[in-house]
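Before any comments, here is the structure.
All values reported here derive from a predicted model rather than from experimental measurement. Below, chain A is the first sequence line, B the second, and so on; all start at residue 1.
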There are 2 protein chains.
Amino acid sequence: MYTLHNMTEQKIKLSVDAVVFGYEEGVISALLIQRKYNPFKGKWAIPGGFVLNDESLETAVERELQEETGVKINYLEQLYTFGAVERDPRGRVVTVAYVGLVRPNTFKIVASTDAAEVQWFTLDKLPELSFDHQKILDMAIARLQAKITYEPIGFELLDKKFPFSDLEKLYTTLLGRPIDRRNFRKKILSLNVLDELDEKVSKGSGRPANLFQFNQKRYFELKKEGIIFEI
Amino acid sequence: MYTLHNMTEQKIKLSVDAVVFGYEEGVISALLIQRKYNPFKGKWAIPGGFVLNDESLETAVERELQEETGVKINYLEQLYTFGAVERDPRGRVVTVAYVGLVRPNTFKIVASTDAAEVQWFTLDKLPELSFDHQKILDMAIARLQAKITYEPIGFELLDKKFPFSDLEKLYTTLLGRPIDRRNFRKKILSLNVLDELDEKVSKGSGRPANLFQFNQKRYFELKKEGIIFEI
DNA sequence: TCATATTGTGTAATGTATACACAAATATAG
DNA sequence: CTATATTTGTGTATACATTACACAATATGA
């Protein structure tokens, strides 16, 4: 243990990184930047950067995402802190990793500051990543897959109003296995967190679908009563 | 985003803290230290300290625990990273918090370095804590309660060989609600991760109990096959 | 208007969780 | 030594939840 005054020799830098997931038309993607500078110049990485002295970790993540990619994050949660001694060739850098969810269709991604390029990569076609970012991304995927079964975070990836089939397709994709449509619908509706709207939408052929909307207020009420979301 | 060379102005210190739980005779306790120096001199806190430049976060936790309390940790997992700007009056300190489980009867706790005192506190009689440590402890309790229902970490708090009633009492305590003995036993045994030994133990009056032992190897095999532990 | 595509819906069978009571083996008190 | 108290060990019936499964309704496009 050291008191702070004789800890001036601590040379550890603190950064934040965010694995940002987006979903569109049955495909999950992660947002990556191409590094403009060394180390790993030209290689892909998850967006992130160093924390400023007077900003919280969450603020840092949001600022970096804004700066590097133009993304406006919809849902953000801390994932894990990676502190292996040799994870950054520049020196000791500990990074607090986050998972973010966004609706890709609500904005345009634009590379800036230290990102040469920003791009969505579908999870089955990821490029080689810098640092230990593959490990971080793997953990983020695992977290997302686990979490959608016990927290209603899937809605953060869909439009505010969505047909039930979108939700079903999202879960099929995320869980990587088929879902029985009838049972899934029954279960989700029995959770009482979806409002069925008086609007229909038809995409191409087939019977038009009713639109639904996640009722977050109702969810928090139920959560307070100890009623849990589980799929 | 900043590159490392112009980040020499980052003044953030990184520490680790550990909420260490122990269990004995139906009671869960947390290990706390009494601070020897300011800030919060004389007040209780969870053990921890600053990370050295060339050690991993886990190494730092184990070192600090050893230095301050003499504890040999049995199970350690990262909990959350706390980075609020004003959480430490000395300046910006971000801390990576861990949860540790130990068997209190396997060693003697001893205060040293910056701990004036080390003591086990049962969870219903916790003292006022320094910094944001109450928040950390609350989160640690929540994590422990949640985790014992889907990972076999309860065994880390018991003796290697234990009667079934110990396990049952542990779960009753942790979950804070009564458990049906027969159903609990059925469920745990059906998970196939306990070896029933040919040893009996009798504590006071009553029929002597058979001893059981957690078979970690078997657990990992089952986990690899995707068979999950759930209570 | 016919074929094709997608949404919307109920029931039976299976599996899982819960509720519940008494005999066996020991210690202790009389 | 016997009776009583204490703790362990065990099975079955019921309620509840999950799963499997098929066809009608409503649209588009040829």
Side-chain angles (χ1 to χ4, degrees), chain A residues 24-27 148-150 154 158-159 161-173 175-214 222 226-231, chain B residues 24-27 148-150 154 158-159 161-173 175-214 222 226-231:
Chain A
E24 241 168 348
E25 292 169 33
V27 186
I148 53 159
T149 67
Y150 64 90
L158 300 177
D159 294 337
K161 303 172 178 186
F162 55 88
F164 216 94
S165 55
D166 274 17
L167 188 64
E168 182 204 324
K169 204 176 291 173
L170 171 65
Y171 271 79
T172 309
T173 308
L175 299 175
R177 57 181 163 83
I179 289 178
D180 182 282
R181 271 175 56 228
R182 271 182 289 191
N183 293 336
F184 181 72
R185 189 179 177 115
K186 241 185 306 181
K187 194 154 188 182
I188 297 280
L189 290 182
S190 74
L191 299 172
N192 274 322
V193 294
L194 287 191
D195 293 334
E196 185 162 6
L197 307 175
D198 258 347
E199 293 179 62
K200 291 188 193 300
V201 66
S202 69
K203 316 188 271 195
S205 77
R207 176 174 172 171
N210 229 316
L211 290 180
F212 288 83
Q213 188 166 349
F214 176 55
L222 292 171
I227 295 162
I228 57 167
F229 179 95
E230 197 166 328
I231 289 168
Chain B
E24 239 167 349
E25 292 169 35
V27 186
I148 54 159
T149 68
Y150 64 90
L158 301 177
D159 294 336
K161 302 172 179 186
F162 55 87
F164 216 93
S165 54
D166 274 17
L167 188 65
E168 184 204 321
K169 203 176 293 174
L170 172 65
Y171 272 79
T172 308
T173 307
L175 299 176
R177 57 180 164 83
I179 290 178
D180 183 283
R181 272 176 55 228
R182 271 182 289 190
N183 293 338
F184 181 72
R185 189 179 176 116
K186 241 186 303 180
K187 194 154 185 183
I188 296 280
L189 290 181
S190 75
L191 299 171
N192 273 322
V193 295
L194 288 191
D195 294 335
E196 185 162 9
L197 305 175
D198 259 347
E199 294 179 60
K200 291 189 193 300
V201 66
S202 67
K203 316 188 267 193
S205 77
R207 177 174 172 171
N210 228 317
L211 290 179
F212 288 83
Q213 187 166 352
F214 176 55
L222 291 172
I227 295 160
I228 56 165
F229 179 94
E230 197 167 328
I231 288 167

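- Legend: residues meeting ring pair (Phe, Tyr, Trp, His ring centres under 6.0 Å) with F229(B), ordered by chain and number and at least two apart, are absent.
- For the helix from dT1(C)-dA30(D) to dG30(C)-dC1(D), the axis fitted to the five pairs at one end and the axis fitted to the five pairs at the other end meet at an angle of 10° (nearest 10 degrees).
- Residues forming a salt bridge (Lys or Arg N to Asp or Glu O under 4.0 Å) with K161(A) (at least two apart in sequence, or on another chain): E199(A).
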Contacts table for residues 164-172 of chain A: side-chain donor-acceptor under 3.5 angstrom, sequence neighbours left out:
from	atom 1	to	atom 2	distance (Å)
D166(A)	OD1	K203(A)	NZ	2.7
Y171(A)	OH	I148(A)	O	3.0
T172(A)	OG1	E168(A)	O	2.7

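- Partners of N192(B) according to the side-chain hydrogen bond (donor to acceptor under 3.5 Å, both in side chains) rule, which considers only residues two or more places apart in sequence or in another chain, do not exist here.
- With rounding to whole Å, I188(A) atom CD1 is found 14 Å from dG8(C) atom P.
- For the pair T173(A)/V27(A), no side-chain contact is recorded, criterion being any heavy-atom separation below 4.5 Å from C-beta on.
- Remark: N210(A) pairs with E196(A), K200(A), F212(A) by the side-chain contact (heavy atoms from CB on, under 4.5 Å) rule, at least two apart or across chains.
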Q | Summary of protein contacts for nucleotides 24-30 of chain C, nucleotide by nucleotide, where a base hit scores B, a sugar-phosphate-only hit scores S (4.0 Å, heavy atoms) | A | BBBS---
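- Legend: residues meeting side-chain contact (heavy atoms from CB on, under 4.5 Å) with D195(B), ordered by chain and number and at least two apart, are N215(B).
- With values rounded to the nearest 0.5 angstrom, L194(B) atom CG is found 11.5 Å from L211(B) atom CG.
- Scanning for side-chain contact (heavy atoms from CB on, under 4.5 Å) contacts around N183(A) gives D180(A), K186(A), with sequence neighbours left out.
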Q) Taking protein heavy atoms under 4.0 Å as touching, what does nucleotides 10-18 of chain D look like 5' to 3' if B marks base contact, S marks sugar-phosphate-only contact and - marks none? A) BBB-----S
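- For the atom pair CG of L175(B) and OG1 of T149(B), the computed distance is 7.5 Å after rounding to the nearest 0.5 Å.
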